[in-house]
Amino acid sequence: MTAASRFLSMSKSNYDAVVIGSGPNGLAAAITLARSGRSVLVIEAAPEVGGGLRTSELTLPGYLHDHCSAVHPMAVATGFFRSLPLEQHGLQWIQPKIPLAHPLDDGSAAVLRRSVPETGAVRRDGRFTPDEGSYQWLMAPIVQNWETIESEVLAPPRPRIPPHLRTLVSFGWKAIQPATRLAQEFKSEATKALFSGIAAHSILPLTERGTSAAGLLLAAAGHVAGWPIPRGGSRGIAVALASYFQSLGGEVETGWTVRSLDELPAAPLVLCDTGPHALAEIAGNRLPDSFKNALRRFRYGGAAFKLDWALDGPIPWTNPACREAGTVHVGGSLAEIAASEASLGASPASSEIPKRPFVLVAQQSLFDNTRAPDGRHTGWAYCHVPNGAHFDAKAEAEMAASIENQVERFAPGFKDRILARCVRTPARLEEENPNLVGGDIAGGSMNLRQLLFRPTRRLYGTPAKGLYLCSASTPPGGGVHGLCGYYAALQAIRKADS
Ligand SMILES: Cc1cc2nc3c(=O)[nH]c(=O)nc-3n(C[C@H](O)[C@H](O)[C@H](O)COP(=O)(O)OP(=O)(O)OC[C@H]3O[C@@H](n4cnc5c(N)ncnc54)[C@H](O)[C@@H]3O)c2cc1C
């Protein structure tokens, strides 16, 4: 059905709100609006809902791979998804025994466990060495004050003196530091490596100010709520969100790429789960040029180069802890990881592709037997590359080989277990989902400026009445937590009701 014929068939129906895009933030916005008693239509370009929450047989029949998001600390450690009855709509979380392991060349591995004191290093023979106190000193206050930190830090900035100022100042002092500097607080090389790997989720050079924030928040979330995976794949989160939304009376239309607001049925509120540049295009003359230019100045960040494997057995990690972990960070020492992430500098064109990349690996099938046939396994991995990095066939094969060599380094025999692979370059990621501009997986660079004013000083709002942005390009940014959509919808509701 064309946009015009859809419009004709739908023009009879009016909605209180339309949400463009059904990623976790679009669905979160839609649910929040529906819970306020409004009639809501969600429009999605892809054939099914979910955005970054998609799972399918990317390699061989019977092997289920998460297209984007795989591991979900922020979904369970933050309040919005927790407030929804998603389990009643089929969502089942699985907690791997160890949330995160990080192998090192001497056969040991740093491990993040649910308990702070049990986080440290595991030797090749399985014996545990704690981090001699510095990890606890840094992390325990954040874990103990998680509720305050979550509600103040993982939220839009508010012009007021926040409660619990001392807790927030203490967190801010740590979070503002470059990860390479804060890592020096740890005594053991293993914990330095562990922390730098987690901080690399910022998708910024680790020498940049503020990169410790990602390390601290994701590590603390692991202690507070684990790094779980959904049974059956991340698609299960989208299915549960959509099912709950529909149970509230919400409607969903898939296979419809919105190119202009003029295509939409009448609605006083429109929330866009799109990138800021896309919003400028879709809104056309409903937005003044000055604001569209501000949206276009928003900077996209580092991209992903992604591999999915069908394997004839589990990944044969040398270290026993890695065989019990849902996520494994592969990249060696702090210095090596910092070198790999340094290529994510300010100017994408001049950035180099890392030769020994820092690789994020998830091994969902170890804990979820729905992901692969009996005795077989899946592997999910990506590394960061500069935004828009172009890969011809030769460069693509080289990059895939670099990723596989890194895994082989800590799991000899891994490459022999590969039955099939699916490679997704930044360009292919963007083809699948227009929000992944240049392969950016976080909805825009998470540098300090764009964390505060994301994507503009208006945050979710625009100068056009009733028009809002609700994607990961708004606070608190990338990741599956639904908070961008939730806060955007709250603002829209507040304004509409005032
Ligand atoms: C490779 C990769 C790995 C990741 N791993 C993790 C992870 O393990 N854990 C985690 O928490 N996060 C992870 N993320 C990040 C996470 O997926 C995103 O931050 C999250 O999905 C953002 O949600 P969103 O709703 O803002 O946008 P998206 O999930 O991108 O959804 C946007 C939706 O809007 C639709 N859309 C856009 N424009 C239009 C239009 N004009 N008309 C109609 N529909 C439109 C798109 O088709 C898409 O379905 C990963 C991302 C990638 C790419």
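As the structure is a prediction and not an experimental result, all values here were calculated from the model. We use all heavy atoms of the structure for the numbers below, so side chains are in, but hydrogens, waters and symmetry mates are not. Count residues from 1 along the sequence.
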Taking Y244 as the fixed residue, which of H89, Q88, R35 is the one that meets the side chain to side chain donor-acceptor pair (under 3.5 Å) rule? R35
Any chance you could measure R376, atom CZ, to N369, atom CG, to the nearest 0.5 Å? 15.5 Å
So that I can tick it off, tell me whether E432 and R54 are bridged by a salt bridge, with the cut-off set at under 4.0 angstrom between side-chain N and carboxylate O. no
Taking the side chain from E57 and the backbone from G62, do they hold a donor-acceptor pair closer than 3.5 Å? yes
Once rounded to the nearest 0.5 Å, what's the spacing between atom OG of S83 and atom CD1 of I31? 8.5 Å
Rounded to the nearest 0.5 Å, what's the gap from CZ on R449 to CZ on R454? Could you check? 11.0 Å
Rounded to the nearest 0.5 Å, what separation is found between the OH atom of Y487 and the CZ atom of R158? 5.5 Å
Please determine whether side chain to side chain donor-acceptor pair (under 3.5 Å) holds for the pair T59 and H65, giving the CA-CA distance in whole Å, both sets of side-chain angles, and the decisive distance to 0.1 Å. CA-CA 8 Å; T59 54; H65 303 280; 2.6 Å; yes
At what distance, to the nearest 0.5 angstrom, does CG of L448 lie from CD1 of I176? 4.5 Å
With I198 as reference, evaluate L112, L216, T327, L217 under the side-chain contact (heavy atoms from CB on, under 4.5 Å) test and give the passing residue. L112
Could you please spell out the steps behind the side chain to side chain contact (heavy atoms under 4.5 Å, CB included) verdict for L469 and T462? CA-CA 8 Å; L469 191 66; T462 72; 5.6 Å; no
Got a sec: does the OH of Y486 have more than 12 other heavy atoms crowding it under 6.0 Å? no
Looking at H67, is its backbone amide N or carbonyl O close enough to the side chain of K306 to form a donor-acceptor pair, meaning the two atoms are under 3.5 Å apart? yes
Looking at F358 versus H329, is the centre-to-centre ring distance below 6.0 Å? yes
Rounded to the nearest 0.5 Å, the CG atom of L311 sits from the CZ atom of R421 at a distance of 10.0 Å
Residue pair T456 / R458, side-chain donor-acceptor N/O under 3.5 Å: no
Taking atom CZ of R209 as the centre, report whether more than 12 heavy atoms of other residues, nucleotides or ligands fall under 6.0 Å from it. no
Is it true that atom CG of D392 has more than 12 heavy atoms of other residues, nucleotides or ligands lying nearer than 6.0 Å? yes
Lys/Arg-Asp/Glu bridge criterion (N-O < 4.0 Å) met for R286, D262: yes
Please determine whether a side-chain nitrogen of the Lys or Arg among R371 and D66 lies less than 4.0 Å from a carboxylate oxygen of the Asp or Glu. yes
Would you say E341 and H384 are linked by a side-chain donor-acceptor pair, where the criterion is simply a distance under 3.5 Å? yes
So that I can tick it off, tell me whether E431 and R424 are bridged by a salt bridge, with the cut-off set at under 4.0 angstrom between side-chain N and carboxylate O. no
Does R296 have more than 12 heavy atoms from other residues, nucleotides or ligands lying within 6.0 Å of its CZ? yes
Closest contact, heavy atoms only, C470 versus N25: O-CB, 3.1 Å
Run the ring pair (Phe, Tyr, Trp, His ring centres under 6.0 Å) check on Y300 and H277 step by step: do they pass? CA-CA 10 Å; Y300 285 97; H277 298 196; 4.8 Å; yes
